[in-house]
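We use all heavy atoms of the structure for the numbers below, so side chains are in, but hydrogens, waters and symmetry mates are not.
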Amino acid sequence: MFDALFGRLTWDDLKPLELLHSQSINTLVGAGAALAAVIAAIAVVVLLTVTRRWTWLFKEWLTSVDHKKIGIMYIVLGFVMMARGIFEGVAMRTHQATAYQGGVLSAEHWAELFSTHGTIMIFFVAMPFITGFMNYLIPLQIGARDMAFPVLNLISLALTATGAALLMISLVIGKFETGGWTAYPPFTGADFDPGPGPDYWVWAIVISGFGSMFSGLNFAVTIYKMRAPGMKYLRMPVFTWTALCTSILLVFALPPLTIAGLMQALDRYLDFHFFTNDLGGNMMNYANLFWMFGHPEVYILILPAYGIFSELTTTFAAKPLYGYTSLVIATMSIAVVSFCVWLHHFFTMGQSPSINAAFGIATAVIAIPTGVKVYVWMATLWGGRIRFTTPMVYMVGFFILFTIGGFSGIILANPAINWQVHNTQFIVAHFHNVLLPGLIFGIFAGIHIWFPKAFGFRLHETAGKITACLWIVGFCMTFLPLYVVGLLGYPRRSAAYDDPAFIPYMIVTMLGAFVLLSAFVGLIATLWISIRKRDELAVPLGDPWDGRTLEWATPSPPPHWNFAVIPHISSRDAFVREKSEGKPYVLPEEYVDIHMPSNTWAGIVVLVTTTALGFALTWWIWWLAILSFVVLFLWFAADSFREHRGEIIPASTVRTAHQAWIEAVELSEPITRDDEDTPANRGYAKTDIVIAS
């Protein structure tokens, strides 16, 4: 009876109960993390109940199809998962400091940690961050009111949240897989690991993968079909260009990963032999499918950050972007060539020398358009009137550290060198050296830039700069020593080492991990300080940085409909031209009713049913799996027959809101860059940007 109801789930699978059987440090880390997750979830429920915020949460956020709110929810999800990823990183680096001929963690727990850490940071931190930014900015930058498919946008968020939920459930119930974030067979095969761990990975990745693919389709269609009149492709902001290339990559790169996950599920559930050692299986097929996704994925993550750095340099240097067309061509080149380099991830797995040479050349070639971007940003900053704000601190850290990571990538493009260091900590140093300064620094810089647009007040500048410095110092201490120990022969993925020469370096990396933890706390402190001082940091007029793109031509935060009247674009950087001509805020001749999509429960239904489905498939609770699928199908079948009228915003409402904002702007005095970080900055900047020709 118990098996019929709960499948293979037993009381022994509850991690917090492990403390009753063992009180070792290894058990304390795992069970303590599970307890912390449970306590945090309970605290959130209690807080929402005490403050009576449940109705507000559902009505204003969870059922909203507003692209801006969906983008914010993506970023919040990324921060929640980042908290776990950072703590796991600290646990791993602490273990490595003690791993000389042993360590505080068991080998299995260590393998589980680096598997969950990589999976979370790639799929459920980086992906939500970049998807959140694209959701928020694309419609605003192209002069649209929302995404092309608003309901699908909410469903995509729900599918991504399902994957994150399964990862968090695995922290409390059962164990995760130990085959790394790539989940290589045979480590994730049924013979090697018959437990629930690989199944958690499969269903988290497959379900969230559909969400990412849907997002890519949505972004691409929005950019192709919903640009404001006159906004030709070469008038689009660079961030929108990087978002378009990322969307193309999402559409074409996610299917190989999804197919590989489903094939792995067939191997485990129905005894297929796609990736086994026997009966015709071939594990290399999995490696090829995974990295057909995995290397374009690197650029899925990094291209939006490139877009952020492009907007950052031109705004805070008060210059037009140097080499706009070359930057667009470089972006498209990266998107194309990214599909031609996947095999360098397994140079050491026995391919022919000619194949290795071809992929080595392609890997070196893709560095050229990346180098073009760096030179374009440097040329934009050269001779500019730079404001050394928090985003610029992140930019400086990015320039130095990303260049080091890029050079190490060029070295690894040589198959002969790659053969020597492929399975060492040198590789760990390289990909952290690219992703952390490239992606995370870009995301944090972007948060400081667009936070006032989203919430109507700036982030505290001093706290932001201190936090940025902590991220840069913490990164250097944590990952740069890994280049050295990698060249000395320290293998990656190893739970222990037998060379005492590694110990000093591992102690430095451990201390660096704690600095990174303090940097994450600094983000929270920056937000807390900013909320407390939000009145003096308020920028309701909408343009605190003397911005160039259309989102700065709206109030902060923007209204639900984004633009009172869809703008007509006559040139690149049209908002800058309007400001230079003294007519950035002009009342339209007439206002019209605006049709907006109405709220829907589709996201909540998808989140609940797909999470239940993934959990049921992981634990073989077949009745729950069938019920979840049936409920999901029936809800959408019934909802398809319901008339979706949407919401009509009366022209009078639009006129009142828009005229009140214009009047507030006209009654204000524009502030110069000298007053940008003072309470005088209410979001009406006096322009000193040079107009693009």
Show which side-chain atoms of residues 164-185 pair as donor or acceptor with protein atoms under 3.5 Å away, not counting sequence neighbours.
residue : atom : partner : partner atom : Å
Ser170  : OG   : Leu167  : O            : 2.6
Glu177  : OE1  : Gly179  : N            : 2.5
Tyr184  : OH   : Trp291  : NE1          : 2.6

[X] versus [Y], closest heavy-atom pair with distance:
X      : Y      : answer
Ala616 : Ala625 : CB-N, 3.4 Å
Met73  : Trp61  : CE-O, 3.2 Å
Asp193 : Pro198 : OD2-CD, 3.4 Å
Leu617 : Trp203 : CB-NE1, 3.5 Å
Thr609 : Val605 : OG1-O, 2.7 Å
Val90  : Leu517 : CG2-CB, 4.0 Å

In Å and rounded to the nearest 0.5 Å, what is the [atom1] to [atom2] distance from [X] to [Y]?
X      : Y      : atom1 : atom2 : value
Ile443 : Leu436 : CD1   : CG    : 11.5 Å
Ile70  : Ile155 : CD1   : CD1   : 10.0 Å
Lys59  : Arg53  : NZ    : CZ    : 13.0 Å
Met127 : Ser215 : CE    : OG    : 8.0 Å
Leu157 : Leu607 : CG    : CG    : 8.5 Å
Leu154 : Trp601 : CG    : CH2   : 11.5 Å

With a 6.0 Å cut-off (strictly less than), is the heavy-atom count around [atom1] of [X], excluding the residue itself, greater than 12?
X      : atom1 : result
Asn282 : CG    : yes
Phe187 : CZ    : no
Phe290 : CZ    : yes
Phe636 : CZ    : yes

Worksheet entry | Residues forming a side-chain contact (heavy atoms from CB on, under 4.5 Å) with Asp639, sequence neighbours excluded |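 Once residues adjacent in sequence are excluded, the partners of Asp639 under the side-chain contact (heavy atoms from CB on, under 4.5 Å) criterion are Trp635, Arg642, His644.
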Discussion item. Determine whether the aromatic ring centres of residues Tyr306 and Phe239 are separated by less than 6.0 angstrom.
Written reply: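 No.
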Worksheet item: Hey, do the aromatic rings of His109 and His95 have their centres closer than 6.0 Å?
Response: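 No, too far apart.
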Would you say the side chain of [Y] lies within less than 4.5 Å of the side chain of [X], judging by non-hydrogen atoms?
X      : Y      : value
Leu435 : Ile440 : no
Ser598 : Arg645 : no
Phe272 : Met263 : no
Phe346 : Met284 : yes
Phe129 : Leu439 : no
Thr119 : Trp201 : yes

Worksheet item: Would Phe275 and Leu289 satisfy side chain to side chain contact (heavy atoms under 4.5 Å, CB included), going step by step from the backbone distance to the final call?
Response: CA-CA 11 Å; Phe275 310 129; Leu289 283 171; 4.3 Å; yes
Could you verify whether a donor N or O on one side chain and an acceptor N or O on the other, from [X] and [Y], lie under 3.5 Å apart?
X      : Y      : answer
His67  : Asn562 : yes
Asn26  : Ser24  : no
Asp199 : Thr618 : no
Thr240 : Gln141 : yes

Fill in: Inter- and intrachain pairs under salt bridge (charged side-chain N to carboxylate O under 4.0 Å, His left out), touching residues 60-71, at least two apart
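Every pair satisfying salt bridge (charged side-chain N to carboxylate O under 4.0 Å, His left out) with a residue in residues 60-71: Glu60-Lys69, Asp66-Lys68.
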Discussion item. Using the rule given for side chain to side chain contact (heavy atoms under 4.5 Å, CB included), can you reason through Val125 versus Phe79, listing the C-alpha separation, both sets of side-chain angles and the distance that settles it, and then say yes or no?
Written reply: CA-CA 7 Å; Val125 174; Phe79 270 114; over 6 Å; no
Fill in: Salt-bridge contact Glu647-Arg145 (side-chain N to carboxylate O under 4.0 Å)
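Salt bridge: no.
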Worksheet item: Would Phe214 and Phe149 count as a ring-ring contact (aromatic ring centres under 6.0 Å, His included) if you check the C-alpha gap in whole Å, the side-chain angles of each, and the deciding distance to 0.1 Å?
Response: CA-CA 10 Å; Phe214 294 156; Phe149 308 111; over 10 Å; no
Less than 3.5 Å apart, which donor and acceptor atoms pair up between the side chains of residues 28-51 and the rest of the protein, not counting sequence neighbours?
residue : atom : partner : partner atom : Å
Thr49   : OG1  : Val45   : O            : 2.8
Thr49   : OG1  : Trp54   : NE1          : 2.9
Thr51   : OG1  : Leu47   : O            : 2.6

Discussion item. Tell me whether the rings of Phe633 and Phe629 are parallel (<30°), tilted (30 to 60°) or perpendicular (>60°).
Written reply: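 The rings of Phe633 and Phe629 lie parallel, inter-plane angle below 30°.
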Discussion item. Classify the ring geometry of Phe455 against Phe451: parallel below 30°, tilted from 30° to 60°, perpendicular beyond 60°.
Written reply: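 Tilted.
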Fill in: Met92 backbone acceptor or donor facing Trp110 side chain under 3.5 Å
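Side chain of Trp110 to backbone of Met92, a donor-acceptor pair under 3.5 Å: no, none is there.
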Fill in: Asp12/Thr10 under side-chain hydrogen bond (donor to acceptor under 3.5 Å, both in side chains): CA gap, chis, key distance, verdict
CA-CA 5 Å; Asp12 292 335; Thr10 67; 4.5 Å; no
Practice prompt. If a pair satisfies side chain to side chain donor-acceptor pair (under 3.5 Å) and one of its residues is in residues 125-138, list it, with sequence neighbours excluded.
Written response: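 Residue pairs with at least one partner in residues 125-138: Asn135-Asn153.
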Side-chain donor-acceptor distances from residues 249-257 under 3.5 Å, at least two apart:
none

